[in-house]
Amino acid sequence: MTFQNHTDEIEDCARHAASLYARLVLVVGPAGSGKTTSLWAFQNASGAPLVNVNLQVSRGLLDLDQRSRVLQFPKRLNAIVETEAHGADTVLLDNTEVLFDADLNQDPLRLLKTLARHRTVIAAWSGIAEADALTYAEPGHREHKRYPLGGSAAPLIVNMESEA
């Protein structure tokens, strides 16, 4: 599958997501699978703002101690997305690894679903999408997360594993 095919798939999922409660599309694949390139291509085609989550969130948390970072993380993330989106109906989130930082003690999928209540959120997810589960990091890794898939609240998934 080419980057254009993935861009078309992202576009199709974004259209479908517009009718959902949590308007979340996850672009899932391991490092080097083409998530960033596909998000850039979608941005160029759609004009949707692209947020480097690691960079923006890290800047937004610098002035806080560890306990305050944990408590303020969701609020600061939301503020960053609101600011960067400039009122756009769709926002792209890349470099999302900070969401999984074990020291921040957050539920990344819940955070993304919350952001996707007011706009379509298309986010990179470094991991694996299987028929029944979404995984981040290997079992035993301190940032490992595994979410069962299914039901009406499941995000839409663009699986990048086929080829980069």
Side-chain angles (χ1 to χ4, degrees), residues 1 6 9-10 13-14 16-17 20-40 42 48 50-62 64-82 84-85 90-164:
M1 188 169 281
H6 287 302
E9 190 176 354
I10 292 168
C13 284
H16 179 68
L20 303 175
Y21 176 70
R23 299 162 42 185
L24 179 59
V25 177
L26 297 177
V27 180
V28 180
S33 62
K35 296 181 300 294
T36 295
T37 302
S38 293
L39 287 175
W40 284 348
F42 183 80
L50 177 64
V51 180
N52 181 330
V53 176
N54 287 345
L55 178 64
Q56 295 296 332
V57 169
S58 296
R59 285 180 182 163
L61 298 176
L62 280 175
L64 302 175
D65 62 36
Q66 181 58 34
R67 184 176 189 295
S68 296
R69 286 177 182 166
V70 172
L71 296 172
Q72 292 293 315
F73 188 90
K75 182 179 178 181
R76 298 265 175 126
L77 177 62
N78 186 61
I80 289 164
V81 171
E82 286 288 331
E84 295 294 319
T90 300
V91 65
L92 311 173
L93 305 180
D94 197 15
N95 303 308
T96 58
E97 294 79 11
V98 70
L99 303 177
F100 298 87
D101 185 328
D103 292 332
L104 293 172
N105 195 28
Q106 302 294 317
D107 181 339
L109 188 56
R110 189 183 78 219
L111 288 170
L112 291 171
K113 284 181 178 181
T114 299
L115 291 172
R117 286 189 188 150
H118 304 291
R119 69 178 48 82
T120 300
V121 172
I122 303 170
W125 181 288
S126 292
I128 299 169
E130 300 168 306
D132 64 340
L134 182 63
T135 305
Y136 180 87
E138 296 291 324
H141 189 280
R142 78 185 285 241
E143 295 177 347
H144 173 74
K145 301 281 185 193
R146 183 172 173 84
Y147 296 95
L149 290 176
S152 61
L156 300 175
I157 294 175
V158 175
N159 197 336
M160 301 294 291
E161 278 195 290
S162 57
E163 76 180 56

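Values below: every heavy atom of this structure, side chains too, minus hydrogens, waters and symmetry copies.
For the salt bridge (charged side-chain N to carboxylate O under 4.0 Å, His left out) with D103, the qualifying choice from R142, R69, R67 is R142, the only one to do so. For the side-chain contact (heavy atoms from CB on, under 4.5 Å) with L156, the lone residue among L20, T120, V27, L24 that qualifies is L20.
Separation of atoms CD (E130) and CD1 (I157) is listed at 10.0 Å; rounding is to 0.5 Å. Interatomic distance, R117 CZ to Y21 OH, rounded to the nearest 0.5 Å: 4.0 Å. Annotation: the span from L99 atom CG to L111 atom CG amounts to 6.0 Å, rounded to 0.5 Å.
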Worksheet item: Should V91 and L115 be marked as a side chain to side chain contact (heavy atoms under 4.5 Å, CB included) after you check the CA-CA gap, both sets of side-chain angles, and the distance that decides it?
Response: CA-CA 10 Å; V91 65; L115 291 172; over 6 Å; no

Practice prompt. Take H141 and Y136 through the side chain to side chain contact (heavy atoms under 4.5 Å, CB included) test and state the conclusion after the steps.
Written response: CA-CA 9 Å; H141 189 280; Y136 180 87; 5.9 Å; no

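In this structure, H118 places its NE2 atom where only 12 or fewer heavy-atom neighbours from other residues, nucleotides or ligands lie under 6.0 Å away.
Here the closest non-hydrogen pair linking H144 and P139 is ND1-N, 3.5 Å. Of all heavy-atom pairs between N95 and V53, the closest is O-CB, 3.5 Å. Closest of all the heavy-atom pairs between V51 and E84 is CG2-CB, 3.4 Å. Among all heavy-atom pairs drawn from L104 and Q66, the shortest one is N-NE2, 4.3 Å. L39 approaches L93 most closely through the heavy-atom pair CD1-O, 3.8 Å. H6 and N159 make their closest contact through CE1-O, 3.6 Å (heavy atoms, listed as atom of the first residue, atom of the second, distance).
Put simply, the side chain of K145 never gets that close to the backbone of F100: no donor and acceptor are under 3.5 Å apart. Between the T96 side chain and the A124 main chain, a donor and an acceptor come within less than 3.5 Å of each other. The main-chain N or O of P30 is found under 3.5 Å from a side-chain atom of K35 such that the two form a donor-acceptor pair. Remark: side-chain polar atoms of T37 are not paired, donor with acceptor, to backbone N or O of G34 under 3.5 angstrom.
The shortest side-chain heavy-atom distance between N52 and D94 does not fall under the 4.5 Å cut-off. A 4.5 Å side-chain heavy-atom check between F73 and V57 finds at least one atom pair inside the cut-off. By the 4.5 Å heavy-atom criterion applied to side chains, I128 and V28 are not counted as neighbours. Looking at heavy atoms from C-beta onward, F42 lies out of side-chain contact with L50 at the 4.5 angstrom threshold. Contact check for P155 versus L149: side-chain heavy atoms found under the 4.5 Å cut-off. Between L109 and W125, the closest side-chain pair of non-hydrogen atoms falls below 4.5 Å. The side-chain heavy atoms of E82 and R119, taken from C-beta on, include a pair separated by under 4.5 Å. By the 4.5 Å heavy-atom criterion applied to side chains, L77 and T114 are not counted as neighbours.
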